[in-house]
Structure formats: C-alpha cells, structure tokens
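In what follows, a single structure is set out as structure tokens and then discussed.
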There are 2 protein chains.
Amino acid sequence: MRIEEKPEIARLPLFRDMDDARREDIFSGSFLQVFPAQLTLFEAGQQADFLHVLVDGLIELYVPGTARDTTIQLIEPVKSFILAAAVNDMPYLMSARTLTSSRVLLVPAARIRGAIKEDAALMQATMTKLALGYRDMVRALVDMKIRQSAERLGNYLLGYSAKHGDAWQFELSGEKRVLASLLGMTPENLSRAFGTLKQHGVNVVGARVRIEDREALTAFARPDSVPADPN
Amino acid sequence: MRIEEKPEIARLPLFRDMDDARREDIFSGSFLQVFPAQLTLFEAGQQADFLHVLVDGLIELYVPGTARDTTIQLIEPVKSFILAAAVNDMPYLMSARTLTSSRVLLVPAARIRGAIKEDAALMQATMTKLALGYRDMVRALVDMKIRQSAERLGNYLLGYSAKHGDAWQFELSGEKRVLASLLGMTPENLSRAFGTLKQHGVNVVGARVRIEDREALTAFARPDSVPADPN
DNA sequence: GGCGCTCTTTGATCTTGGTCAAATAGTATT
DNA sequence: AATACTATTTGACCAAGATCAAAGAGCGCC
C-alpha cells in the first residue's frame, strides 16, 4: 500500500494508538482496491478473509433475504467495517456492496488477528470498537421495536446531523430506497414519512434535507434517553 | 466469593482460558449477591460498575421506553452479561431486572479492565464474546426487520430448542408477556402467533411447548441462511 | 377450598405500514 | 432537446399487528 490517505487511515481510532512499526507491517501486507458502483465486495456466509477500510466512496452492508434484502448500515469514509467477523475468523453475517465507486483498503484478517495478539493498544481499540458496534446494534434494534417509521426517520436525520457537525441542512447519501431499507420500511412509506415530518420542521427537496425546526423534530422523534456514544 | 458454583463460572468461555491465579484474583474481588424476583439490578444510563454473571435464576435486559419497555435479552445461568459497557467504562444501555429470585456474581468493572490488559487469553475471550454479542444483535435486528411475528416466534422456539440440546419439548422460561416484549409484539399478538404455529407443528399448553413437526416449523419460520454461531 | 389477584386468551375494531398501480421527476444517453 | 430508463411520489386498497374490552385460567393467600 502506498497512498496519500495513509495518514488518515492511521489516525482511525482502531489504528491510532498502536505501535508505528507494527502498523506499517499491517499496512504493507494490505492492498488498496478501487471498485465500481454496485459491486458486491463479499457475501454473507463467506469466510471473513479481510478487514475492510473504506477510504473513499459509499458502502452498503445488508443481509440478503429470500424476498428482499435489508440494509444494516451505510459506511462512509474513512471507516473500517466487519471487524467482528474478521477478528474471530467467522463467516460474514452480512453482504457488502458499493453504492458509488469506492476505494477500499483490504487488510488480511489473519494479519490483524496476529497483530492484536502482540499489540495491547490495537487490542484495546479493537475491543472498544466491537463494544461500540454492539451498542449501535442495540440502539438500532430498540429503534425498530419501539418507534414507528416517521419517528425512525426523524431520529435518523437528527443522528446524521449530529455526526456531521450539527449541520442543519445536508444531502442524503445514497438513494432513498436504500435509506428506506436501512430504516426498515418500503420506499413508498419513506416518502410518506418525509411527508409527515414536514409538519415537524423538516423540509426536503430531492436529496437535500433542511432541519428548519430542530426542537419540533426532536419532540416528535423522541430520541434515546441514553445519548449516543462518542465516536 | 466462596461458592460451589465457582468451578462452573471458571469454565465459562470468558474465564476459561485465562491464568488461574489472575482468575482467582478477579473472583476474590467479586461478590455474590442474591436478589429477589422483580428487582432492578441497574438502570440504563448508570455508569457500568460491574460485570455481572448470572449464577442462578433468570434476568431480563430491557430498554425502558416512554410508553413501554422493550426486552432485549433473557439471560439464563450460567452466563455473563453487559460485558460491552463494563469493559469500556461506559453507561449501561439497558436496564436489568430479575424475573425470578437470582444469584448474581458482581465483578468490579475496573478489575476486569485491569485483568484484560494483563491477560492475553482473557482479552481474546472478551473480544470473542463482544463479537458474538454484536452478531447476535445483528441477527435480532434482521429478524425484526424481515420476519413477521409468528415467524419470529417460530425461530425463537427453534433457537431455544437448539440451545437446549435440540429438545423437542420444553418449558418457556419467564412469562409470556416478557417473551412477547422480547419478540417485539404485544401479549395478545403472541397468543395469536402461537395459534398460527399450531398449524405448523407446534403444540402449546400453558408454558409447555412441543415441537411436533420440526420440518414444518422450519419451513414456516425460514431461519437464517448463515447458521447461528456456536457458543 | 374459596377469594382475589394477575396473566393469558379471545373477540371486535382501528392504525400502521405494505402492496399494487400509475403518474411524475430525475438522469443519462443519443 | 428528445428518448429511455430508473427512482420517487401519490393514490387506492389490503394485511399485519396494536388497542380496547371482556372472558377464562392460573396461582397465591387467607
């Protein structure tokens, strides 16, 4: 690997605190690949051979179902994904596909597993990341169980805003159909959900979302009582 | 701590492979408590001071909502829980209550964190357990998103059977209202779900469940394509 | 054993969200 | 700019599950 984003990857929480030489070793065994949009990177059930780091682009993690796929997470750069499978040498639970053309760093899982054994900082970071991932999934599950669709959308928008510097307006990343799948509803219902949010301070034109009344939206969406983990 | 179940706790995957002396050290700093039924052990939002190990009884992990709580997991002995919060010194995401009188080993979180740093085997076991927990949550989320209620119940019964030596009949642990909350439905709807499962090889009388036609139930419930992780 | 309580089940009705169909908007290509 | 294709939206309708109400069942307690 020899790319200009290397420092940015090295600054990821996962790799940040580890020994420099060992990080170099990991990176030297990894390779950066460019994938076109709509390409499946791996499929659920396959053995996890690589830890992936999205450097640029947009990735969808989804679980293929008989009738319809369901989206679990959208990965934006720069971020590692499927750590859980890679670290434990297990089959992927989800499939991954690119939504846009993407550059992905592929880190051989065996090398990560080896480095974790040697490097306490990497180990600690891995544990933290796994724990945070677990907590994210708990939140998503609760969201799905206790909120109805427009509320889920409202919370998603608030969360998206929070992750992007509390921006009050932004472009949705990815298609709305994917967002619908992520939020556990049909595209038709997502449309309607945007409609009901209009009465709660949200204005949408195409992919552009404006949160015009954060108070009202928050009141409507009833966010979690335990605040999101810092990331 | 000085109890006869100690060997059983020591045999848990989490503690099994670690250094014996260090395990003794952890245990010596822990204490066993007996709680009556329907007692809240901790509440979401509190700082996680202890890793808990259920020695005997039945525990419900739930997320308190404004309108109604939602159950995330039922803990049966012997099993540790809330590892993610304890290991990272974070607030609990969930609350816990006893469903029956229970004995719980309370392991100070700081002591676990210290031991993890020192003991590679414990570290590895913790990572594995966190990863498995993550995967469980993903499965639960997918279950919630793609299956309807009777199918979720069917899968739960199949999973319960698998976890208990493929028993074809068993007693449900806990009240049905809790099971309903775990499966993300109302008690009324759980009743009806049992009704529809009657046509798919499941016989229920009170808390006693008999899977009389596993083939039919499996066909109806459409279990995950990626098989459950061994535990 | 009977009483009072809670849990579970059943029935009727309502709400949410899914399905199907068609119109509209958006985008890429020629 | 026109065309072809796909994504999104809208409307009508349907189905799953929630809610409300009331009737059993089970269980502890006196």
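Quick caveat, the model's predicted, so the values are computed rather than measured. Lettering follows sequence order; numbering is per chain, from 1.
Rounded to whole angstrom, the span from the CG atom of B:Leu172 across to the P atom of D:dG26 amounts to 15 Å. Put simply, NZ on A:Lys198 is 7 Å from P on D:dT10, counting in whole angstrom units.
You'll find the side chain of A:Met90 reaches within 4.5 Å of the side chain of B:Arg135, heavy atoms only. Side-chain contact between A:Leu105 and A:Phe31 is absent, with no heavy atoms from C-beta onward closer than 4.5 Å.
Among residues at least two apart or in separate chains, there is no ring-ring contact (aromatic ring centres under 6.0 Å, His included) pair with a member in residues 53-74 of chain A. Listed by first and then second residue, the side chain to side chain donor-acceptor pair (under 3.5 Å) pairs involving residues 191-203 of chain B amount to none (not counting sequence neighbours).
A salt bridge links A:Asp69 with A:Arg97: the closest approach of a Lys/Arg side-chain nitrogen to an acidic carboxylate oxygen falls below 4.0 angstrom.
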Please tabulate, one pair per line, all N/O donor-acceptor pairs under 3.5 Å involving side-chain atoms of residues 146-157 of chain B, not counting sequence neighbours.
{"unit_1": "B:Arg147", "atom_1": "NE", "unit_2": "B:Asp143", "atom_2": "OD1", "d": "2.6"}
{"unit_1": "B:Arg147", "atom_1": "NE", "unit_2": "B:Asn155", "atom_2": "OD1", "d": "3.2"}
{"unit_1": "B:Arg147", "atom_1": "NH1", "unit_2": "B:Arg222", "atom_2": "O", "d": "2.4"}
{"unit_1": "B:Arg147", "atom_1": "NH2", "unit_2": "B:Asp143", "atom_2": "OD1", "d": "3.1"}
{"unit_1": "B:Arg147", "atom_1": "NH2", "unit_2": "B:Asp224", "atom_2": "OD1", "d": "2.8"}
{"unit_1": "B:Ser149", "atom_1": "OG", "unit_2": "B:Asn189", "atom_2": "ND2", "d": "3.4"}
{"unit_1": "B:Glu151", "atom_1": "OE1", "unit_2": "B:Gln148", "atom_2": "N", "d": "3.0"}
{"unit_1": "B:Glu151", "atom_1": "OE1", "unit_2": "B:Arg222", "atom_2": "NH2", "d": "2.9"}
{"unit_1": "B:Glu151", "atom_1": "OE2", "unit_2": "B:Arg222", "atom_2": "NE", "d": "3.4"}
{"unit_1": "B:Glu151", "atom_1": "OE2", "unit_2": "B:Arg222", "atom_2": "NH2", "d": "2.7"}
{"unit_1": "B:Arg152", "atom_1": "NE", "unit_2": "B:Leu183", "atom_2": "O", "d": "2.7"}
{"unit_1": "B:Arg152", "atom_1": "NH1", "unit_2": "B:Arg147", "atom_2": "O", "d": "2.9"}
{"unit_1": "B:Arg152", "atom_1": "NH2", "unit_2": "B:Leu183", "atom_2": "O", "d": "3.0"}
{"unit_1": "B:Arg152", "atom_1": "NH2", "unit_2": "B:Gly184", "atom_2": "O", "d": "3.2"}

Show me the side-chain donor-acceptor pairs of residues 41-50 of chain A shorter than 3.5 Å, one per line, residues at least two apart or across chains.
{"unit_1": "A:Gln46", "atom_1": "OE1", "unit_2": "A:Glu43", "atom_2": "N", "d": "3.3"}
{"unit_1": "A:Gln47", "atom_1": "NE2", "unit_2": "A:Asp89", "atom_2": "O", "d": "2.8"}
{"unit_1": "A:Gln47", "atom_1": "NE2", "unit_2": "A:Asp89", "atom_2": "OD1", "d": "3.4"}

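Here A:Arg177 pairs with A:Glu175 under the salt bridge (charged side-chain N to carboxylate O under 4.0 Å, His left out) rule; sequence neighbours left out. Remark: A:Ser181 engages A:Thr71 in a side chain to side chain donor-acceptor pair (under 3.5 Å) (not counting sequence neighbours). By the salt bridge (charged side-chain N to carboxylate O under 4.0 Å, His left out) test, B:Arg208 is found to be paired with B:Glu171, residues two or more places apart in sequence or in another chain being considered.
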Output a table of nitrogen or oxygen pairs between the protein and nucleotides 20-25 of chain D separated by less than 3.5 Å.
{"unit_1": "D:dC20", "atom_1": "N4", "unit_2": "B:Glu188", "atom_2": "OE2", "d": "3.2"}

Quick one: which protein N/O atoms are closer than 3.5 Å to N/O atoms of nucleotides 15-17 of chain D? Pair and distance per line, please.
{"unit_1": "D:dG17", "atom_1": "OP1", "unit_2": "B:Ser149", "atom_2": "N", "d": "2.6"}
{"unit_1": "D:dG17", "atom_1": "OP1", "unit_2": "B:Ser149", "atom_2": "OG", "d": "3.3"}
{"unit_1": "D:dG17", "atom_1": "OP2", "unit_2": "B:Ser149", "atom_2": "OG", "d": "2.9"}

Check the interface with nucleotides 27-30 of chain D: list each N/O to N/O pair with the protein under 3.5 Å, or write none.
none

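The side-chain tip of A:Lys129 does not point at the ring of A:Tyr134 from less than 6.0 angstrom away and within 45° of straight on.
From one end of the helix from C:dG1-D:dC30 to C:dT30-D:dA1 to the other, with five pairs defining each end axis, the axis direction shifts by 40° (rounded to 10°).
Reading DNA chain C from its 5' end, the first and the last nucleotide to sit under 4.0 Å from a heavy atom of chain B are C:dC7 to C:dA12.
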Go through it in stages, so that I can follow the logic: the residues are B:Val209 and B:Gln169, the test is side-chain contact (heavy atoms from CB on, under 4.5 Å), and I'd like the CA-CA distance, side-chain angles, deciding distance and then a yes or no. CA-CA 5 Å; B:Val209 174; B:Gln169 64 166 7; over 6 Å; no

A:Leu99 vs A:Ile59, test: side-chain contact (heavy atoms from CB on, under 4.5 Å). Steps then yes/no. CA-CA 6 Å; A:Leu99 294 181; A:Ile59 304 270; over 6 Å; no

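Between the side chains of B:Ser173 and B:Glu76, at least one donor N or O sits under 3.5 Å from an acceptor N or O.
Between B:His164 and B:Phe170, the distance from one ring center to the other does not fall under 6.0 angstrom.
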